[in-house]
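Just so we're on the same page: letters track the sequence lines, and every chain starts at 1.
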Amino acid sequence: MSDLFLYNSYTRQKEKFEPITPGYVGLYVCGPTVSGESHMGHARPYITFDIVNRYLQHLGYKVRYVRNITDAGHFEEEGREAEDKVATKAKLERLEPMELVTKYTNMFHWAMRLFNCIDPNIEPTATGHIIEQIDMIEKIIEKGYAYEKNGSVYFDVKKYAKDHPYGKLSGRVLEDLLETTRDLDGQEEKNNKVDFALWKNAPPEHIMRWNSPWGEGFPGWHIECSAMSSKYLGESFDIHGGGMDLQFPHHESEIAQSTVAHGHPPVRYWMHNNMITINGKKMGKSYNNVIKLSELFTGSHPILEQAYHPMVIRFYILQTHYRSTLDFSNEALQASEKALRRLWEAYEVLQKLQSNNGVAKDAALDEQVNKWCAECEDFMNDDLNTAKVIANLFEMAPVINGIKGGQVAANAISAEAYDNLRTTFKTYLEDIMGLQPMQVQQNNKLDQVMQLLVEIRKEARTRKDFATSDQIRNKLAEAGIQLKDEKDGSVSYTIE
RNA sequence: GGUCGCGUGGCCGAGUGGCUAGGCACAGGUCUGCAAAACCUCCUACAGCGGUUCGAAUCCGCUCGCGACCUCCA
């Protein structure tokens, strides 16, 4: 058995994974900002790290998976006027931040369920950890790496950079940053442009506000992850994940804050998934090119030619390595849909195959099958190469279908190889990659109706009444039910 | 402008020195009453130029094209 190697963004190389506490893994992933509906781009990190979580568990680790909900910040609901925030309005007329945040948190959870992502063990909210964040800020001030200005607190990056490797994660050089950072509102308060806010003084119209030693305000963006990850995973934990776009400034700032507060860097392995692009451009709110998940599932976006099942999206994402960009197109998604359908059907065929008595007639094929199965683990261990795992499963699909169709002898492979096939498909398809059948679960009554139709069609065919038999087949196809005439004369069906 | 990354066959995408992934589409065939499904076969690519090497999609250099981050961002 090979060892698990993960690409560590911090060192820019694949490293052997060794947890801090043998047998246990602390995994923290930056969760969504719930000020709006999740879009397709958001699907990638949560599916990617669901695989990380699942695979670590498969390897026998006890994983504590923490994924936060960013529900504090400067939120506005789309379509609402800025004056909604004015405090003079009646309470129920005003935007209530918690209402907005609850709505989008619920929608996020809905999508995660459909994607079959395992729930994190802890899903802390930023608003629920204001005290922890204030504590941490105070610690940083005590150590002399932060300063207060007009009710806001800023982290002193320049001072930190003197004796710490600031910029290592994101490949920045402080001098460059000092020159190139753009002018933004509120910058004049900072001692240096590169400093970032730990706490922000809330202007009167800001509706999210908490008391703090520095007056009413709200936490800076980066501090929540530092405070919550250390609370639930410890001051040193194994894996921190998130999208590549968070490397700077978010993760870089996290490292700086935690290093000062705790006296050492917080994370062993930094993992970053790449972006989903559309027409070559990153899908993101600021580019105005997002496809929301709800639109994706229903097909209700002008660019979409059809609705896409959550499992198709999941499979589509897994067909690409997580560190590569993934370009959206209807064509690509439709290809994934067909591919997944074929692979899943092979899996179902496999479950029904009868094992032979043990001896392999085709030693070469037998060996090949065992090799394909064994390789899956090596691929996963090589920085979670799900694309290669899927490719291997596809190599085995014709063997499975061939046995069923008679093109491959049933006793070509050994009983061991059969078991190996079954275990491999189950383990990788379901347990590790978290895929599920797309088909509607068949219920008993529908099945009885189907058996009746199949019987009528069979009789019609015997009479050579092909008009009737084809009508049954075609009408069912229109309804999304596909009949398949099997080699042995039986008829099976699949429902889309 | 600075930093980093990418450019693979009709499309999507693995792959980082030799063994020419995989999926989808196309074409041909087997099977079928006809189909569908399945199976078999076909399609042999690595932006361009130059270099290193016995050998490069893979390493180095240059050129062209694209993108990400530097601002909220998964």
Heavy atoms under 4.0 Å, any strand shown: does A/G41 hit a base, just sugar-phosphate, or nothing?
base
Output the rounded distance in Å from NE2 (A/H39) to P (B/C72).
16 Å
Would you kindly compare A/S286 and A/K464 by the position of their nearest RNA chain B nucleotide and give the one closer to the 5′ end?
A/K464
Whole angstrom value for the distance that separates P of B/A35 from OH of A/Y493
26 Å
Determine the interatomic distance between C1' on B/A74 and the same-named atom on B/C31; round to the nearest Å.
48 Å
Sequence-distant partners of A/D362, salt bridge (Lys or Arg N to Asp or Glu O under 4.0 Å), two or more places apart:
none
For atom C1', what is the distance between B/A27 and B/G15, given to the nearest Å?
28 Å
Roughly how far apart, to the nearest Å, are B/A45 and B/A36 at atom P?
31 Å
List in chain and number order the residues that pass side chain to side chain contact (heavy atoms under 4.5 Å, CB included) with A/K464, two or more places apart in sequence or in another chain; answer none if no residue qualifies.
A/F466
Inter-nucleotide C1' distance (B/G10, B/G51), Å rounded:
33 Å
A/N330 atom CG is separated from B/G10 atom P, nearest whole Å, by 21 Å
So, using salt bridge (Lys or Arg N to Asp or Glu O under 4.0 Å) as the criterion, who are the partners of A/D327 when residues are at least two apart?
none
Can you name the salt bridge (Lys or Arg N to Asp or Glu O under 4.0 Å) partners of A/K361, sequence neighbours left out?
none
Round to the nearest Å and state the distance from A/K282 atom NZ to B/U71 atom P.
13 Å
In whole Å, what is the span from the CD atom of A/E459 to the P atom of B/G33?
18 Å
Which part of the nucleic acid, if any, lies within reach of A/F466 when heavy atoms closer than 4.0 Å are counted: base, sugar-phosphate only, or nothing?
base
Roughly, in whole Å, what's the span from CG in A/D195 to C1' in B/U71?
16 Å
Per the salt bridge (Lys or Arg N to Asp or Glu O under 4.0 Å) rule, what does the pair list look like for residues 38-50 of chain A, sequence neighbours excluded?
A/D50-A/R54, A/D50-A/R314
By the 4.0 Å heavy-atom rule, please label A/K281 as base, sugar-phosphate, or nothing.
sugar-phosphate
Mind checking the C1' distance from B/A21 to B/C43? Whole angstroms is fine.
16 Å
Under 4.0 Å protein heavy-atom contact, by nucleotide of nucleotides 14-24 of chain B - B base, S sugar-phosphate only
SS-----BSSS
Atom pairs, protein N/O to nucleotides 27-32 of chain B N/O, distance under 3.5 Å:
none

Across all chains, not counting sequence neighbours, the side-chain hydrogen bond (donor to acceptor under 3.5 Å, both in side chains) partners of A/S336 are A/Q319
Toward the 5' end of RNA chain B, which comes first, A/S469 or A/N274, by nearest nucleotide?
A/S469
Just checking A/M275: base, sugar-phosphate only, or nothing, at a heavy-atom cut-off of under 4.0 Å?
base
Looking at A/N401, I'd like to know whether one of its side-chain N or O atoms comes within less than 4.0 Å of OP1 or OP2 on B/C39.
yes
Find the distance A/I472:CD1 to B/C34:C1' and express it as a whole number of Å.
15 Å
Does a donor on one side chain sit under 3.5 Å from an acceptor on the other, for A/N192 and A/Y154?
no
Does a sphere of radius 6.0 Å around CD in A/Q354 hold more than 12 heavy atoms from other residues, nucleotides or ligands, not counting ones at 6.0 Å or beyond?
no
Whole angstrom value for the distance that separates P of B/A68 from NE2 of A/H272:
18 Å
Closest approach to the side chain of A/L177, judged atom by atom: which nucleotide of B/A74, B/C70, B/A36 is it?
B/C70
RNA chain B base-pair string [pairs: Watson-Crick or G-U under 3.5 Å; |: paired with another strand]:
(((((((..(((.....[...)))..((((.......)))).....(((((..]....))))))))))))....
Does any N or O donor sit under 3.5 Å from an N or O acceptor when you compare the side chain of A/R473 with the base of B/C34?
yes
Looking only at atom C1', what distance separates B/C11 and B/A68, rounded to whole Å?
24 Å
In chain order, what residues pass the ring-ring contact (aromatic ring centres under 6.0 Å, His included) check against A/H42, with sequence neighbours excluded?
A/H39
Compare side-chain N and O positions of A/T277 against OP1 and OP2 of B/A68 and report whether any pair is under 4.0 Å apart.
no
Per the salt bridge (Lys or Arg N to Asp or Glu O under 4.0 Å) rule, what does the pair list look like for residues 386-403 of chain A, sequence neighbours excluded?
none
Distance criterion of 3.5 Å, no angle test: do you see the side chain of A/D327 paired donor-to-acceptor with the base of B/G13?
no
Answer with base, sugar-phosphate or nothing: what part of the nucleic acid does A/N474 contact at a heavy-atom distance below 4.0 Å?
nothing
Distance-only side-chain donor-acceptor flag, A/E337 / A/Y308, under 3.5 Å:
no
Is it the case that A/D71 and A/Y104 place a side-chain donor and acceptor less than 3.5 Å from each other?
no
Pairing residues for A/E430 by the side-chain hydrogen bond (donor to acceptor under 3.5 Å, both in side chains) criterion, not counting sequence neighbours
A/Y347
For the P atoms, the ones on B/G9 and on B/G5, what distance do you get once it is rounded to whole angstrom?
23 Å
Please state the P separation for the pair B/G13 and B/C6 - nearest whole angstrom.
15 Å
Counting the atoms with a prime plus P, OP1 and OP2 as sugar-phosphate, which does A/A467 contact under 4.0 Å by heavy atoms, base, sugar-phosphate, or nothing?
nothing
Neighbour count above 12 (heavy atom, 6.0 Å) for A/E367 CD:
no
